[in-house]
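A quick write-up on the structure given underneath.
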Number of protein chains: 2
Amino acid sequence: MHANIPSPKPLPVPLPKAYRLLNHGPTVLVTSTHNGVRNVMAAAWNMGLNYEPALVSVVIDKATLTRELIEASGKFALNVPARGIAAQTLAVGRSSGRDVDKAKHPDKFTAYGLNTFMGSDPDLPLVEGCVGWLECTLVPEPHNQERYDLFIGEVTAAWADPRVFANGHWAYNANTPVGLQTLHYVAGGTFLAVREAFEVAPAKTRP
Amino acid sequence: MHANIPSPKPLPVPLPKAYRLLNHGPTVLVTSTHNGVRNVMAAAWNMGLNYEPALVSVVIDKATLTRELIEASGKFALNVPARGIAAQTLAVGRSSGRDVDKAKHPDKFTAYGLNTFMGSDPDLPLVEGCVGWLECTLVPEPHNQERYDLFIGEVTAAWADPRVFANGHWAYNANTPVGLQTLHYVAGGTFLAVREAFEVAPAKTRP
């Protein structure tokens, strides 16, 4: 629907500001590769964890192929999808990389028409149609992974779409195309979309 | 600015659905009490962690009074503020409960004019002007708390504002008053606001 917006070159984001790509709570696409197998899944449960070193966290269920690839390769990327690929985001959140019909498609990327490009690491596919990307090295925490499905990554490179992120801030305004809005998952096939940013002054203390 | 919208009685949210109050990535207010000392702080880094038992996580810096109160009392509440209290949310995110002028105010709630009410637990103040509330018991994880400032809570009770949450889903639409939108923190004094929900059908696999 909105997928035909041409994409400019991603803008590098300084690592101590990388958390800002997740700060407002978007659903992400987690991408990973190991031994030539690639996968992509959706994850609403993600958050920043530290500024410097830049740490992020994401919940990845034990049943997923993504988890197997991350535990084997020790790395993953978080991609912040925009509304233009909402249908694909939903689809890769509902299907497993293990169930792809291999006679037709090598992986979920091609099965659902998600194109990828390369950032710093040739083994971390980044997804076109996203507006933020974080390449991460797994910080192994076996207890968290086993007990809570909680994975921690140190961000090694980050980028954003310069149409909606500038000077370390999301820059959504009333003229931002709908297809570039980040996705905030509710349930079922429903998302909330962010619109323009607004500023407030902090409340003063009462007399 | 939007604070005069009268609030209806909060609607109980079944615990396995409590994560949905955080699923779309709002900034929260963390409230806590110990030995008669109350506090409230803002936290953009929060996420759901499990359905049943209902677990949530939130990052709480070592310097905060909130952390001292949570570690002492073993509990906290997450309150999902709406735009009507954006200025207070920003203010309690920038100030410490330790720096309140005690000659004028007992705590940050009264200093910034945040009213509270009681849910299930008389020791967990819940904040008026929010649209979701989660009472939590701390799940002690000393390594996570020390190394990552990461706190995990088991949700023991949850509520939502029935004007914007119904049948286990956020129900934002074009007619929702601006003051009831959840807050998604960018940086500085800037937030993004969510608007209406939209539905998509999942992408089909390509031929």
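Letters A, B, ... mirror the listed sequences (proteins, then strands); counts begin at 1. All figures in this text were calculated on a predicted structure; none of them were measured in a lab.
- In terms of non-hydrogen atom pairs under 4.5 Å with chain B, the most contact-rich of A:A86, A:G93, A:G188, A:G113 is A:G113.
- Your options are B:G168, B:A111, B:S95, B:S57, and the one with the most heavy-atom pairs under 4.5 Å with chain A is B:A111.
- Counted within 6.0 Å of NZ on A:K9, heavy atoms from surrounding residues, nucleotides or ligands total 12 or fewer; the atom is thus considered open.
- Among A:Y172, A:W170, A:Y185, the residue making the largest number of heavy-atom pairs under 4.5 Å with chain B is A:Y185.
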Show, in sequence, the C-alpha distance, side-chain angles and deciding distance for B:T205 and A:K104, and conclude whether the side-chain contact (heavy atoms from CB on, under 4.5 Å) test is met. CA-CA 10 Å; B:T205 54; A:K104 293 182 176 172; over 6 Å; no
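- For a residue to count as touching a neighbouring chain, one of its non-hydrogen atoms must lie under 4.5 Å from one of that chain's; by this rule B:K17 does not touch chain A.
- For CG of A:N167, the number of neighbouring non-hydrogen atoms (other residues, nucleotides, ligands) closer than 6.0 Å is 12 at most.
- A heavy-atom distance below 4.5 Å is found between the side chains of A:F198 and B:L183.
- For the side-chain contact (heavy atoms from CB on, under 4.5 Å) with B:P202, the qualifying choice from A:V92, A:L90, A:T89 is A:L90, the only one to do so.
- Looking only at heavy-atom pairs under 4.5 Å with chain A, the residue among B:P26, B:G25, B:G48 that has the most is B:G48.
- Residue B:Y148 holds its OH atom at 9.0 Å from CG of A:L150, rounded to the nearest 0.5 Å.
- Contact tally against chain A (heavy-atom pairs below 4.5 Å) for B:V186, B:D61, B:L49, B:N50: the top residue is B:L49.
- The shortest heavy-atom contact between A:A87 and B:A201 is CB-O, 3.3 Å.
- Contacts of B:R94 with chain A are made by side-chain atoms alone, with heavy-atom separations under 4.5 Å and no backbone atom involved.
- In this structure, chain B has a heavy atom under 4.5 Å from the side chain of A:R20, while its backbone stays farther away.
- Across every non-hydrogen atom of A:N23 and B:A44, the tightest pair is OD1-CB, 3.7 Å.
- Proximity to chain B is absent for every atom of A:V56, based on heavy atoms less than 4.5 angstrom apart.
- Contact count against chain A (heavy-atom pairs under 4.5 Å) is highest for B:N46 among B:N46, B:V100, B:D149.
- For a residue to count as touching a neighbouring chain, one of its non-hydrogen atoms must lie under 4.5 Å from one of that chain's; by this rule B:E141 touches chain A with the side chain only.
- Nearest approach of B:Y112 to A:A203, heavy atoms of both residues: CE2-O, 3.4 Å.
- With a 4.5 Å cut-off on non-hydrogen atoms, B:L22 does not touch chain A at all.
- What you find for B:A197 and A:T190 is that their closest heavy atoms are CB-CG2, 3.6 Å.
- Ring-plane geometry between B:Y19 and A:W45 is classed as perpendicular, the angle between the planes exceeding 60 degrees on a 0 to 90 degree scale with a lower cut at 30.
- For the options A:E199, A:Q181, A:R195, heavy-atom pairs under 4.5 Å to chain B are most numerous at A:R195.
- Between the A:H105 side chain and the B:R206 main chain, a donor and an acceptor come within less than 3.5 Å of each other.
- Summarising the geometry, atom CG belonging to A:N144 is positioned 6.0 Å from atom CD1 belonging to B:I152; distances are rounded to the nearest 0.5 Å.
- With A:H184 contributing its side chain and B:H24 its backbone, the two residues share a donor-acceptor pair below 3.5 Å.
- Using a 4.5 Å cut-off between heavy atoms, A:T182 does not touch chain B at all.
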